[in-house]
Asker: 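I have a structure I would like to understand better, so I am pasting it below and will then ask my questions one at a time.
Whatever order the structure lists them in is the order used to number ligands and atoms, beginning at 1. This is a predicted model, so every value here is computed, not measured.
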Amino acid sequence: SFNEMTAALEMNARELEQRRRFIEAILDNVPTGVVSVSPTGEIQRVNRALSQIFGADRVRRARRLWDLVPPEAAPGIRYLMNRSRRTGVASQQFEFRDGGRTLHLGVTVSALGERESPGFVVVIEDTTELLRAQKSAAWREVARRVAHEIKNPLTPISLSAQRIARQVERAAAANALPGDMVRILQECAATIVEETESVRTLVNEFSSLARFPAAQPEPADLNEIVHTGLAVFEGRLPGIEITLDLASDLPPVMVDRELFKRVIVNLVDNSAEAMRETPVKRLTVCTRPAGADAVELEVADTGCGVSLEDKEKLFLPYFSTKEQGTGLGLAIVSQIVAEHGGHIRVEDNEPSGARFIIEIPVRNGAGAASGRRAAVRAGGPGERS
Ligand SMILES: Nc1ncnc2c1ncn2[C@@H]1O[C@H](COP(=O)(O)OP(=O)(O)OP(=O)(O)O)[C@@H](O)[C@H]1O
Ligand SMILES: [Mg+2]
């Protein structure tokens, strides 16, 4: 009957509406940028992730799809749209410079429908972080192999030198060699042994990236770790004014104390070097709760600061602007932080210098260790350390 038909239509409409909301909710919560585009390239709808990739300002201003990217990348986007008209779907990786940083994007354009001039749905994935992780994994592999190759001959070299030293000693005892020669040979042998040891230490440091000791997280007081980290510098930061701003209500975090001490040491070390030539030398270390389930650790300085371009590379192994730098400091820091499920970023300090901010999740491992954690909390700081 007519009534039944209207009822069925209403149901359909409700169901459609529900589906629309469902899809919108999903689109707004995926980390991938999604844009719907008219046949002539006008942007119709965008989801939230798009603003995170391009910045809210630019997304608001952009009228056409290619307004989102720098002019030199626009033809590439238009070409992709044309191709998707013919093939249905077209995708491509883009790499372009954007105000000092380099963006890596995977762009997929799907043409909607088979008509002459269809609309499009464009999916944009920011692969910058992924590439960074891959690069850093590749470097770790290189570090591991090079370390192996260098270390292999060290033991025979060192043993041979020791053997020479023993032979010389014996010959000297039998007066078979002139005294001068004995002295020179023994000095040389000692130098070889010493230097192979220092190469070994260097290589071990170098390969610590590849074979990093696995973190052994336990409930810890971050403030206390800050203190032990800073204690390393006792009397070695002349002229630097140190300010501690440590939150007293900090929940315990699941971290490996030794590794996090290393994090502090590496960051403070960098800050001290960055302030070597600046007139104002102020180092600030802060801890604070960040939301309900994370804490933040910040090391800020008034040093030379980090250029936009360098911010990209800072955490890569072997990136250093120092003559004597290995460039491993921050790579190790970021590896430790990642291993704890945390995140590190660098920002500009006001009015000058750099701020390194580390976010550490509190929940990390709290499930398994909740009993221990509760005990620590009840025990108070006095029971630890
Ligand atoms: N606080 C800072 N202010 C300004 N630049 C910094 C700061 N921290 C790090 N950098 C920059 O990042 C680069 C990489 O730092 P990283 O600690 O990885 O290596 P490094 O300090 O150069 O070498 P190493 O730590 O082995 O001595 C530094 O060379 C420097 O250019
Ligand atoms: Mg360093």
Side-chain angles (χ1 to χ4, degrees), residues 100-102 129 132-133 135-140 142-144 146-147 150 198-212 226 229-230 232-233 236-245 258-287 296-339 342-359:
R101 59 182 184 150
T102 306
E129 285 284 329
R132 191 198 276 186
K135 269 190 212 158
S136 135
W139 270 116
R140 271 209 295 284
V142 171
R144 203 183 59 76
V146 170
I150 295 179
S198 81
V199 170
R200 199 192 306 274
T201 314
L202 190 87
V203 171
N204 281 341
E205 184 76 8
F206 174 87
S207 67
S208 65
L209 264 165
R211 299 176 295 100
F212 214 66
V226 169
L230 282 173
V232 172
F233 294 94
R236 298 208 347 243
L237 299 172
I240 297 179
E241 176 194 325
I242 303 175
T243 311
L244 293 185
D245 185 3
E258 269 311 304
L259 292 183
F260 260 79
K261 184 176 141 198
R262 194 154 170 193
V263 165
I264 310 256
V265 168
N266 285 3
L267 290 180
V268 171
D269 191 42
N270 281 346
S271 287
E273 296 212 314
M275 293 190 289
R276 200 177 277 177
E277 318 245 285
T278 51
V280 183
K281 302 177 203 290
R282 199 170 298 138
L283 175 77
T284 316
V285 183
C286 309
T287 58
E296 265 181 6
L297 166 69
E298 178 180 319
V299 176
D301 61 57
T302 55
C304 55
V306 185
S307 74
L308 205 54
E309 185 57 32
D310 286 353
K311 276 185 188 137
E312 293 276 308
K313 308 179 204 140
L314 230 54
F315 301 104
L316 289 176
Y318 311 110
F319 173 77
S320 175
T321 57
K322 300 167 194 168
E323 220 163 283
Q324 296 291 323
T326 64
L328 289 178
L330 285 178
I332 289 171
V333 166
S334 79
Q335 186 167 336
I336 293 173
V337 171
E339 215 174 327
H343 190 79
I344 181 165
R345 63 183 194 275
V346 57
E347 290 179 4
D348 294 330
N349 197 15
E350 289 300 323
S352 67
R355 306 196 295 150
F356 287 82
I357 302 160
I358 296 175
E359 201 183 304

Asker: Quick test of your reading of the model: are Arg236 and Asp269 salt-bridged, counting only N-O distances below 4.0 Å?
Answerer: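 Between Asp269 and Arg236 there is no salt bridge, as every charged N stays at least 4.0 Å from the carboxylate O atoms.
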Asker: Should Ile357 and Glu296 count as side-chain neighbours, where that means a heavy-atom distance under 4.5 Å?
Answerer: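 They are in contact (side-chain heavy atoms under 4.5 Å apart), so the answer is yes.
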Asker: Can you tell me how far the SG atom of Cys286 sits from the CZ atom of Arg355, to the nearest 0.5 Å?
Answerer: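 Taking SG in Cys286 and CZ in Arg355, the distance rounds to 8.5 Å.
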Asker: N/O/S atom of Asn270 under 2.8 Å from the Mg ion (ligand 2), yes or no?
Answerer: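 Yes, Asn270 qualifies, because one of its backbone or side-chain N, O or S atoms lies under 2.8 Å.
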Asker: Give the protein residues with at least one non-hydrogen atom closer than 4.0 Å to an atom of ligand 1, ordered by chain and number.
Answerer: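 The 4.0 Å shell around ligand 1 contains Asn270, Ser271, Ala274, Asp301, Cys304, Gly305, Val306, Leu314, Phe319, Ser320, Thr321, Lys322, Gly325, Thr326, Gly327, Leu328, Gly329, Leu330, Ala354, Phe356.
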Asker: Have a look at Val280 and tell me which of Asp301, Ile240, Thr302 forms a side chain to side chain contact (heavy atoms under 4.5 Å, CB included) with it.
Answerer: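 Among Asp301, Ile240, Thr302, the one meeting side chain to side chain contact (heavy atoms under 4.5 Å, CB included) with Val280 is Thr302.
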Asker: Lys322 and Asn270: side-chain donor and acceptor closer than 3.5 Å?
Answerer: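 A pair is found: one side chain offers a donor N or O, the other an acceptor, under 3.5 Å apart.
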Asker: Between Arg345 and Glu347, does any side-chain N to carboxylate O distance fall below 4.0 Å?
Answerer: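 Salt bridge present between Arg345 and Glu347.
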